[in-house]
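So you know, we letter chains A, B, ... as the sequences are listed, proteins then strands, and number each from 1. Model, not experiment: these values are computed from the prediction.
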Amino acid sequence: MKRFFQYANKKLENVKFASKTKFLIFTILGGTILIGFLMFISIFALKYDFEVLFENLTKPQVKLEEIKDIYQVNIKETLSAIKEKQISKAEGVEVLSLAEQIIKKQWKEYKKETGQQIGGLPEFANNWLNFFLLSSDKLKQSEFEERIIQNIEKKIKSINKKITKLIFILNEKNTINTKQIINNTILETNSLNIYLSTLITNNLKRAISKKEANDRLFSTSTLMLVFLITLSFIFMILISIIIINNFQELHYSLEENVARKTKELRALNISLESRVKKEVENSRKKDNIMFQQARLASMGEVLHNIAHQWRQPLGALMMIIQGFGSKFERGKLDEKFIRSSIDDALRLGKNMSDTLDDFRNFFIPNRAKQIFEVKKAINKSIELTKYQLEKEDISLEFNSNITAKIYGFKNELIHVVLNLINNSKDILSSRENLDKKRILIITKQTKRKIIINIIDNGGGIKDDIITKIFDPYFTTKHKSMGTGIGLYMSKQLVERHMNGKIYCKSIKHKFGTEKLFDSAIFSVELPLEEKNYEQKKS
Amino acid sequence: MNKRNLDILGDFNILYIEDEPQLLKHTTMVLEDFVQNIFAVPTCKDALEIIKKNRIDIIITDINLKHENGIEFLKELKYEHEYNIPAIVATAYTDTEYLIDAIKLKVEDYIVKPINLKDLLNSMHDILLPIAQKKEIKKSYNMIRTISAVTDGKQVEMVKFILKNLDAESMFNYSYGDIMAQVDVSKPTVIKFFRQLLQKGILTKIQNKKYLFNENNLPSPSEEIDE
């Protein structure tokens, strides 16, 4: 059984699910229809047999009995009455001819009824059933029956002749032969009656045998039907079981598949997780490298700035030292000169030292968060870029009365503002035909946040790059100028370390003049976390 | 020329433009020992005011001034105001751009910051020396003219003749007769004059009609004045 199912499953493997379902439905439908059909056939075949039994074999017997009665009662009695002269000749003739007519009519009807075909659905069903049972039981008249009928017909005819003759004789008032003829006729009538009785008996016997045959047929057909129905039922069930089993198998295999795939997916998920982790690690490393690069880049710029800031006091210091020599040579080295020179030299030295500290504070990573004034941080950024802005002849304006303090990495905010100023500076320095190059820093403080806007009249940002402007390695500047990291790094710092936002757009700004300049505005939004701040403070 | 006589700077007025106050102050303090007047200003506008009011012999300017450019100022001065004052440009920049501008403007010198005082003074000296010399010559000439106006004119004529006819070796190859023929003087005057010169060692008789002119034995003018 198992092997059979396996075989069936194997065969059904390549059949589509929908086809299988259709096949199952058709099998059930077909089985039902077949069973129904067989039921109908059997019912109608039974009906046919019943009809044959009644109409062809039973009903005609009535006619035969009537004929028999007419001969017995009407003809025989009348003839006897005529013989005994109990009735008049005329009366006798009338009765006889009437009886003759009735007999003729009844015989005709009998013949008609026995030969009658049932037809219609029952016969059709019977034929079908016979076809199925491979038997043919056409109701055939036996030779014996035929002969009796022939004899009956012959007798009827001869009786008829005799009666006609008798009637003729009676009408001629000839009474000589009357008695003899009547006797003969009565005799013949008796024999006819015997024939008729025999026919009736025969017919009844046939009906009985027919009924027996029917019974046999019924039981056989019932058996056959039961067999067929059982067969189709079994076939139906078998097909259903096979298909259902196949479905089950399919279901199991699918379930198995799903389980396997799930497992694979899980494995993939795990490997993906590790890969993602690795990639994240990689990207973090990359970011770190980029930050390093960016730091180096801005370090270079700031170093440039520092160099310039050192150059002036250094020049003055050298002049003071040379002044000592020169004054000494000239003999003019007086106390006043020495004092003022020393004071100045010390001040200059201190200044240089401070500048160096700025640089150090800015670039030596200061990992500790602190509370600091935003304004001071911005001022520091401006200081660190002052020299470059002067060199590019860019005026920077920053007037702010904000007092907001935030808790975070001061150097990072300085760096962000520095980057944004440098970005504006780079754009402005590439605009050679610009009359006045300006950068404006405006700060706005609300209850919850502080916004630092850095505006430059460098022409604004083109639409096609505005979405890419914070992408890493994106730069509009010449390769040697920009690393393309500054803005990306600023965004990272603002979003990751300060929980803030950074965005930019093109605007038109007057910069305090009558003219409208195409400008770019970069905004840094920093949340003022009062609670946080208070906590840290305490 | 290794050791320059920086004393000549004492006659000149200097304009110094520098926007860095400390440097301006200290450079001024040093330079004022060497020059007659030093005008130290932080802006070109102030500088122009000074130039209009004072005689300026040399301008020392920084290139990179606050919102201004020293070279641009010099250009303006030269072409718009038609001042032709020698200039020294001092800057931290060594950019060729500025160098070319400076050369085109015929700036006298270009010194790189931080300023080396000696270099600056030497540069000033070199620029001012011709002017000083010109002044000196003019002064000497005026002196001679003054002397000749108050003393014996014949002696001056004779000195002129001797200096005029010195050959490459500072030799004077003329007899008294030649002198008398060229300069209208009597023989006793010539002999007396030559004796004086020989006594002072200014002229040395090598042989007959051949004298060596000893420049080194000339007394310095100031000494002469002092006497």
Side-chain angles (χ1 to χ4, degrees), chain A residues 304-355 386-397 429 432 435-438, chain B residues 3-7 9-10 14 16-36 38 40 42 60-72 88-95 97-98 111-125:
Chain A
H304 209 51
N305 194 30
I306 300 259
H308 183 80
Q309 287 190 16
W310 263 44
R311 201 168 265 149
Q312 288 191 338
L314 201 62
L317 268 179
M318 284 174 82
M319 189 47 72
I320 289 169
I321 292 161
Q322 290 176 90
F324 274 104
S326 162
K327 291 274 180 189
F328 177 71
E329 273 175 20
R330 297 231 136 206
K332 289 186 175 176
L333 196 60
D334 54 11
E335 195 187 332
K336 188 184 148 231
F337 173 81
I338 292 171
R339 277 192 197 287
S340 94
S341 287
I342 287 174
D343 283 352
D344 285 345
L346 286 177
R347 205 165 35 245
L348 288 166
K350 176 83 171 49
N351 185 3
M352 286 167 80
S353 173
D354 287 350
T355 311
K386 205 169 85 188
Y387 156 61
Q388 270 130 324
L389 295 181
E390 271 175 22
K391 189 180 157 196
E392 297 292 345
D393 200 15
I394 296 164
S395 68
L396 189 145
E397 202 180 312
S429 67
E432 288 191 347
D435 218 18
K436 275 195 171 161
K437 301 174 179 177
R438 291 159 174 274
Chain B
K3 184 94 179 158
R4 290 170 174 85
N5 181 12
L6 295 175
D7 293 344
L9 299 177
I14 287 177
Y16 181 45
I17 311 169
E18 168 62 58
D19 60 338
E20 215 279 298
Q22 282 296 325
L23 189 60
L24 184 70
K25 178 186 166 193
H26 287 279
T27 311
T28 309
M29 274 171 77
V30 175
L31 287 181
E32 68 186 4
D33 291 346
F34 294 89
V35 299
Q36 192 175 54
I38 177 157
I60 302 167
T61 180
D62 189 16
I63 290 181
N64 200 46
L65 298 162
K66 260 192 197 100
H67 317 297
E68 287 168 321
N69 183 303
I71 288 182
E72 290 300 316
I88 297 171
V89 170
T91 179
Y93 294 105
T94 47
D95 298 37
E97 181 196 342
Y98 290 111
I111 62 169
V112 175
K113 279 183 172 179
I115 297 166
N116 184 312
L117 189 63
K118 254 183 202 136
D119 286 350
L120 179 63
L121 289 171
N122 286 345
S123 175
M124 281 162 69
H125 173 267

(message) Using heavy-atom distances under 4.5 Å, tell me whether Ser395(A) contacts chain B through its side chain, its backbone, both, or neither.
(response) neither
(request) Look at Pro313(A), Gly315(A), Gly325(A), Ser326(A) and state which one has the largest set of heavy-atom pairs under 4.5 Å with chain B. (result) Ser326(A)
(request) Verify side-chain contact (heavy atoms from CB on, under 4.5 Å) between Asp19(B) and Leu24(B), making sure each step is shown before the conclusion. (result) CA-CA 7 Å; Asp19(B) 60 338; Leu24(B) 184 70; over 6 Å; no
(message) Heavy-atom pairs under 4.5 Å with chain B: which of Met319(A), Lys332(A), Glu390(A), Arg347(A) has the most?
(response) Met319(A)
(request) Pick whichever of Leu31(B), Leu121(B), Asp33(B), Leu120(B) has the most heavy-atom pairs under 4.5 Å with chain A. (result) Asp33(B)
(message) Going by side chain to side chain contact (heavy atoms under 4.5 Å, CB included), Thr61(B) matches just one of Ile88(B), Ile71(B), Ile17(B). Which one?
(response) Ile17(B)
(request) Under 4.5 Å heavy-atom distance to chain B, tell me which part of Gln312(A) shows up: side chain, backbone, both or neither. (result) both
(request) Pick one of side chain, backbone, both or neither for Phe337(A), based on which atoms fall under 4.5 Å of a heavy atom in chain B. (result) both
(message) Is Gln22(B) in contact with chain A via its backbone, its side chain, both, or neither, using a 4.5 Å heavy-atom distance?
(response) both
(request) Can you tell which part of Leu348(A) gets under 4.5 Å to a heavy atom of chain B, answering side chain, backbone, both or neither? (result) side chain
(request) Report yes if the side chains of Lys113(B) and Glu18(B) come closer than 4.5 Å at any heavy-atom pair, otherwise no. (result) yes
(message) Tell me whether the count of non-hydrogen atoms from other residues, nucleotides or ligands lying under 6.0 Å of CG in Asp119(B) goes above 12.
(response) yes
(message) Tell me whether the count of non-hydrogen atoms from other residues, nucleotides or ligands lying under 6.0 Å of NZ in Lys386(A) goes above 12.
(response) no
(request) Measure the shortest side-chain to side-chain distance between Ile320(A) and Ser341(A) over non-hydrogen atoms and say whether it is less than 4.5 angstrom. (result) yes
